[in-house]
Every structure is written in structure tokens, then in C-alpha cells.
Amino acid sequence: MAQGTRNPNYFLAIQITNEEIKQNVRAIQKTVQARDRSLSSMMESVETLHLTLGLYYFKDARSVSRCKAALDRFHGQLRSENFVPPRLTVSKLGHFYNKVLFAALEDNEGLEDLKILKDDVRGSLSRDGIRTTDDRFSPHVTICKIPRNSSKTIDPSCYDGMQSTYFGRQTIESIQLCSMQKPKTESGYYHIDHEIRFY
């Protein structure tokens, strides 16, 4: 079930649930908007904050069901190994080409454990014929994002003085299979088709 170059319609996510992180993201967004009102509509909803472990394309419900079963097998493997979920430190601001402003992960043991978890879940799914559409991995929590077809950029002066912001710590509670196309839930988060929980 190789996905080839198809545009992804699902992704594996780690949801940001820590309220301290959410509050600090809101504070950054408030300041950025005050400095450039035109960015207001480009802020990421705090309810959707997440880290992406992989992007996937599934052509039909059967393909999604195969992924769910593969995730359950991976979950069973983790349980048999007495898996301890990583704890991530979200600290400092970063950007991609002044088009995306994000909260970064501190380069520590938690990040290394996250990279191992990413490799393990992608590898496990790949052995079941489920391959990511993009091999890259740049874990970040998006704060503001400029649409691809826009020539606008995020001026660094919008977040000057906040580059070293400490956001908080997030323990990985689960891995979610989320749809990019189905309507978001009442809470504002993505539609979760499947979830393997660690707590």
C-alpha cells in the first residue's frame, strides 16, 4: 500500500494537552497579533496543537482499517516491552522561512526518545505495507502559519524578546490517527479515527 506522491489525508499525531503550553502559546499569539493585525487569521487554533509523527494517504476505509490494526499491533509490542512514554520539553521559538512560527522541542533525552518512537511506529507500519508520504521529521508545535499561496512573511519583530520562551513539558499520552478531511470535533481538535493510549 505504497502511497507514492499522493497528497496525505491522514497523519499520526501527539496531541498537546498541557494547559501551561496552551496558555503560553496564546500569550505569544496575542503579542504577535498586536504587532501585526494581518496575522490574526493565520494563528493556529490552540485546540489543535500537536506534533506530527508521520503523514499518510489512504484511498478508502479498508486502508484506514489496515492502519488501525497495524497501530494496535504496535501498541501490543510497546506494552510487552514495558514502554515508558517520553516527556518532552517545549522551549524557545523557531520558524520555517518566516512562513511558520513554532514552539520548538528542547534537544534533550525526551526528544531523542521521541525520535526513537517515531522510527519505531513508522517502521512497524511500514512492515505492514503502510508507508509515510514524507520521510522528513521536524517536530514542532505550530503557532502561526502563512498560507502557501501568500507572499506574506512573519516579521521577526512580531515576536522580538520572546525567542527564549519556556512553554512547558508534555508527556506523550497517546498516538492518534487523525483525518485531515473530516470535520473537527466539538472541542476544535481533529477527528481521531484511532488512538493508542499509554495512560
Side-chain angles (χ1 to χ4, degrees), residues 1-17 41-81 83 85-86 88 95-97 99-103 105 111 113-151 170 172-199:
M1 194 168 64
Q3 280 79 33
T5 58
R6 298 246 193 182
N7 290 328
N9 54 5
Y10 278 84
F11 63 100
L12 290 182
I14 293 169
Q15 186 174 2
I16 300 298
T17 57
S41 64
M42 302 171 194
M43 296 296 160
E44 189 78 6
S45 168
V46 174
E47 300 311 318
T48 66
L49 297 181
H50 67 280
L51 298 166
T52 301
L53 291 181
L55 303 172
Y56 294 86
Y57 170 75
F58 299 123
K59 64 181 180 180
D60 52 29
R62 184 179 178 186
S63 300
V64 175
S65 294
R66 287 184 61 191
C67 185
K68 291 178 182 180
L71 284 171
D72 286 340
R73 284 191 289 275
F74 176 67
H75 195 197
Q77 175 189 331
L78 291 180
R79 283 198 299 259
S80 70
E81 298 170 354
F83 171 72
L88 310 171
H95 68 88
F96 295 133
Y97 309 106
K99 288 287 191 176
V100 178
L101 178 66
F102 62 83
L105 298 185
L111 179 57
D113 289 344
L114 173 65
K115 291 177 180 177
I116 292 170
L117 179 62
K118 178 267 297 182
D119 287 341
D120 287 349
V121 68
R122 285 190 185 183
S124 182
L125 295 185
S126 181
R127 286 189 289 276
D128 281 309
I130 303 165
R131 297 176 183 85
T132 180
T133 62
D134 190 338
D135 289 332
R136 293 174 295 180
F137 183 61
S138 301
H140 62 278
V141 180
T142 301
I143 295 174
C144 179
K145 185 176 184 178
I146 306 294
R148 289 185 178 180
N149 59 357
S150 173
S151 60
Q170 174 72 48
I172 297 177
E173 299 173 358
S174 69
I175 295 176
Q176 303 163 336
L177 178 64
C178 296
S179 170
M180 294 181 179
Q181 298 176 340
K182 294 180 181 178
K184 290 184 172 68
T185 63
E186 288 185 6
S187 70
Y189 192 66
Y190 296 96
H191 176 91
I192 301 170
D193 262 55
H194 197 59
E195 184 172 24
I196 56 173
R197 296 197 62 83
F198 307 130
Y199 291 102

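Only heavy atoms go into these numbers, but all of them, side chains included; no hydrogens, no water, no symmetry mates.
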Peer 1: Can you give me the closest heavy-atom contact between Phe102 and Ile143, atom names plus distance?
Peer 2: C-CD1, 3.8 Å
Peer 1: Restricting to non-hydrogen atoms, name the atom on Arg6 and the atom on Thr133 that form the minimum distance, rounded to 0.1 Å.
Peer 2: O-CG2, 3.9 Å
Peer 1: With a 3.5 Å distance limit and no angle check, can you tell me whether Ser150 reaches the backbone of Ile146 through a side-chain donor-acceptor pair?
Peer 2: no
Peer 1: Considering non-hydrogen atoms only, spot the tightest contact between Leu177 and Cys67 and give its length.
Peer 2: CD2-SG, 4.0 Å
Peer 1: If you define the side chain from C-beta out and look only at heavy atoms, does anything of Glu173 sit under 4.5 Å from Ile14?
Peer 2: no
Peer 1: With rounding to the nearest 0.5 angstrom, report the CG to CG distance, Asp113 to Leu88.
Peer 2: 8.5 Å
Peer 1: With side-chain contact (heavy atoms from CB on, under 4.5 Å) as the criterion, how do Leu78 and Phe198 come out once you've worked through the C-alpha distance, each side chain's angles and the decisive distance to 0.1 Å?
Peer 2: CA-CA 9 Å; Leu78 291 180; Phe198 307 130; 3.7 Å; yes
Peer 1: Does Arg136, at its CZ atom, have more than 12 non-hydrogen atoms belonging to other residues, nucleotides or ligands within less than 6.0 Å?
Peer 2: no
Peer 1: Can you tell me how far the NZ atom of Lys145 sits from the CZ atom of Phe96, to the nearest 0.5 Å?
Peer 2: 10.0 Å
Peer 1: Is there a side-chain contact (heavy atoms from CB on, under 4.5 Å) between Leu71 and Val121? Walk through the geometry before answering.
Peer 2: CA-CA 8 Å; Leu71 284 171; Val121 68; 4.0 Å; yes
Peer 1: Without swapping roles, check the side chain of Thr142 against the backbone of Cys144 for a donor-acceptor pair under 3.5 Å.
Peer 2: no
Peer 1: Are the side chain of Thr132 and the backbone of Asp134 linked by a donor-acceptor contact shorter than 3.5 Å?
Peer 2: yes
Peer 1: Test your reading of the model: is there a side-chain donor-acceptor pair from Ser80 to the backbone of Gln77, 3.5 Å cut-off?
Peer 2: yes
Peer 1: Give the C-alpha distance, both sets of side-chain angles, the deciding distance and a yes or no for salt bridge (Lys or Arg N to Asp or Glu O under 4.0 Å) between Asp128 and Arg66.
Peer 2: CA-CA 8 Å; Asp128 281 309; Arg66 287 184 61 191; over 6 Å; no
Peer 1: When you measure from the side chain of His194 to the backbone of Ile192, do you find a donor-acceptor pair of N or O atoms at a distance under 3.5 Å?
Peer 2: no
Peer 1: Roughly how far, to the nearest 0.5 Å, is CG of Leu114 from CG of Leu105?
Peer 2: 6.5 Å
Peer 1: Can you name the closest pair of heavy atoms from Gln170 and Gln15 and give their distance?
Peer 2: NE2-O, 3.8 Å
Peer 1: What are the two closest non-hydrogen atoms of Lys182 and Ser179, and how far apart are they?
Peer 2: N-OG, 2.9 Å
Peer 1: I need the minimum non-hydrogen distance between Glu47 and Tyr189, along with the two atoms involved.
Peer 2: O-CD1, 3.1 Å
Peer 1: Considering only NZ, NE, NH1 and NH2 on the basic side and carboxylate oxygens on the acidic side, decide whether Glu195 and Arg197 come within less than 4.0 Å.
Peer 2: yes
Peer 1: Nearest 0.5 angstrom please: Ile196 CD1 to Gln176 CD, how far?
Peer 2: 10.5 Å
Peer 1: Pair Phe83, His75 - check ring pair (Phe, Tyr, Trp, His ring centres under 6.0 Å), show working.
Peer 2: CA-CA 9 Å; Phe83 171 72; His75 195 197; 8.9 Å; no
Peer 1: From Leu53 CG over to Lys115 NZ, what is the distance, rounded to the nearest 0.5 angstrom?
Peer 2: 13.0 Å
Peer 1: Output all residues satisfying salt bridge (charged side-chain N to carboxylate O under 4.0 Å, His left out) with Lys99, sequence neighbours left out; order by chain, then residue number.
Peer 2: none
Peer 1: What verdict does the side-chain hydrogen bond (donor to acceptor under 3.5 Å, both in side chains) test give for Thr52 and His50, after you've listed the backbone C-alpha separation in whole Å, the side-chain angles of each residue and the deciding distance to 0.1 Å?
Peer 2: CA-CA 7 Å; Thr52 301; His50 67 280; 3.2 Å; yes
Peer 1: Quick one: CG on Leu12 to CG on Leu125, what's the gap to the nearest 0.5 Å?
Peer 2: 6.0 Å
Peer 1: Can you tell me if Glu186 has over 12 outside heavy atoms packed within less than 6.0 Å of its CD?
Peer 2: no
Peer 1: Report the residue from Tyr56, Tyr190, Phe58 that forms a ring pair (Phe, Tyr, Trp, His ring centres under 6.0 Å) with Tyr10.
Peer 2: Phe58
Peer 1: Please evaluate residues Leu55 and Asn9 with respect to the criterion side-chain contact (heavy atoms from CB on, under 4.5 Å), reporting the C-alpha separation (whole Å), side-chain torsions for both, the decisive distance (0.1 Å), and the verdict.
Peer 2: CA-CA 8 Å; Leu55 303 172; Asn9 54 5; over 6 Å; no
Peer 1: Would you say that Met180 contacts Pro8 through its side chain, given a criterion of any heavy-atom pair below 4.5 Å between the two side chains?
Peer 2: yes
